[in-house]
Amino acid sequence: MRSYTLIAPAKINLYLEILGDRPDGYHELAMVLQSINLTDKINLRSISTDTIRVHCEHPQVPMDKSNLAYRAAALMTAEFPAAFAQYGGVEITIQKQIPIAAGLAGGSTDAAAVLVGLDLLWKLGLTQSELQELAAQLGSDVPFCVAGGTAIATGRGDQLSPLPSLDNLYVVLGKYRSLTVSTPWAYQTYRQQFGSSYVTDTQSLESRARAVHSEAIVKAIIHEDGVEIGQRLHNDLERVVLPEYPQVLQLRQVFQDNGVLGAMMSGSGPTVFGLCESYAQAQQVQQQVRAAIPDPDLDLWLAQLCSTGIQVASSH
Ligand code: ATP
């Protein structure tokens, strides 16, 4: 095979708690991550020159070495030089559907797709845990994006424990096209404002366990109790993003006023999602939010929660 096309799902956070600082400079987190069927499509093609090329028609996606998909390919060429020498370079084409800098891990899932695709293209036979170890070198969300589904994520977000799938639930997502939030800004601001309440010894299992409050949502997920999940959604980063971006706060309120199971900002935002118990409810919520906020700058998507990470769509 000389070409693979992969489907790369976005993720939302059902839960995000910041516990403290880690010695490596990252935050110690307790999260529940969830894949949704809002996806990018990534094509990988072997080329005869020994270069990595990235194409993407979306104007905000860089096509140079700063693209996370490029960085994933560069990591693979460094880790597997013999395969790179044997199979040559790679052309990566990204069809973007996941909004950029939206808190939906768009770049991370593209990078995960490149790892999975090059493993196939170069016939490396890597295991999922080997792929996830490589993924952790690229970013905290990338290991989750490889496997997808529903998972508890701890550490800096890269230590994963799978949970039962929730693919009978739906979300309506809303994002103002002109609004982006920098993830580093959100975490730094959180540290400045709330750092004094951090757990100081994040290396101690006991002090971490005392600080985590995700038990209730995890129980609700295990019982597939959509109503309870909706009530237990939590994201610490809302404490810094919502006061700074009143539009996001208002959007969250409009979701809540329209009968969703729960509404919350995903990751560092500014995307807000409303959790719905059926496709029909999600369609209705989408129409009602649109009617309440007729602003053409507001994009809305309807997506189903899904139990898969990177998937191969076709090969040639
Ligand atoms: P996270 O939820 O992991 O914080 P995000 O969804 O908020 O991620 P991305 O969409 O990954 O953010 O984009 C963040 C920045 O990364 C963008 O401003 C963009 O310039 C850059 N970037 C690099 N590679 C990609 C890519 N493949 N897709 C989208 N953005 C990319």
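Numbering of ligands and ligand atoms starts at 1, following listing order. The first residue of the sequence shown is numbered 1, and numbering continues consecutively from there.
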Which atom pairs, one a donor and one an acceptor, fall under 3.5 Å between side chains of residues 7-14 and the rest of the protein, sequence neighbours left out?
residue: K11; atom: NZ; partner: N13; partner atom: OD1; Å: 2.9
residue: K11; atom: NZ; partner: G103; partner atom: O; Å: 3.4
residue: N13; atom: OD1; partner: G267; partner atom: N; Å: 3.0

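Remark: minimum distance from atom 3 (O) of ligand 1 to any protein heavy atom is reached at D141 OD2, 2.9 Å. In terms of protein heavy-atom proximity, atom 17 (C) of ligand 1 is closest to I100 CG2, 3.6 Å. Looking only at heavy atoms of the protein, atom 7 (O) of ligand 1 is closest to G103 N, 2.9 Å.
Judged by the 6.0 Å distance and 45° axis criteria, R239 is positioned over the aromatic ring of F194.
For T183, every heavy-atom contact with ligand 1 shorter than 4.0 Å involves the side chain, none the backbone. Only the backbone of S66 comes within contact range of ligand 1, with a heavy atom under 4.0 Å; no side-chain atom does.
If you number the atoms of ligand 1 from 1 as listed, the ones under 4.0 Å from a heavy atom of D110 come out as 26 (C), 27 (N), 28 (N).
The closest approach between H58 and ligand 1 stays at or above 4.0 Å for every heavy atom of the residue. Residue contact annotation: Q60 has a non-hydrogen atom under 4.0 Å from ligand 1. Residue G267 places no heavy atom under 4.0 Å from ligand 1.
I42 pairs in a side-chain contact (heavy atoms from CB on, under 4.5 Å) with only one of the listed residues (D110, V116, T93, I310), which is D110.
Note: no N/O pair closer than 3.5 Å links P62 and ligand 1 by distance alone.
Taking the charged nitrogens against the carboxylate oxygens, E57 and K96 have no contact shorter than 4.0 Å, which rules out a salt bridge.
The side-chain hydrogen bond (donor to acceptor under 3.5 Å, both in side chains) pairs that include a residue from residues 66-79 are D64-S66, where partners are two or more places apart or lie in different chains.
With hydrogens and angles left out, the side-chain atoms of H27 and Y198 include a donor and acceptor closer than 3.5 Å. Side-chain atoms of D167 and S307 form a donor-acceptor pair, as typed in the model, at a separation below 3.5 Å.
Distance screen at 4.0 Å: atom 29 (C) of ligand 1 has a protein heavy-atom neighbour inside the cut-off.
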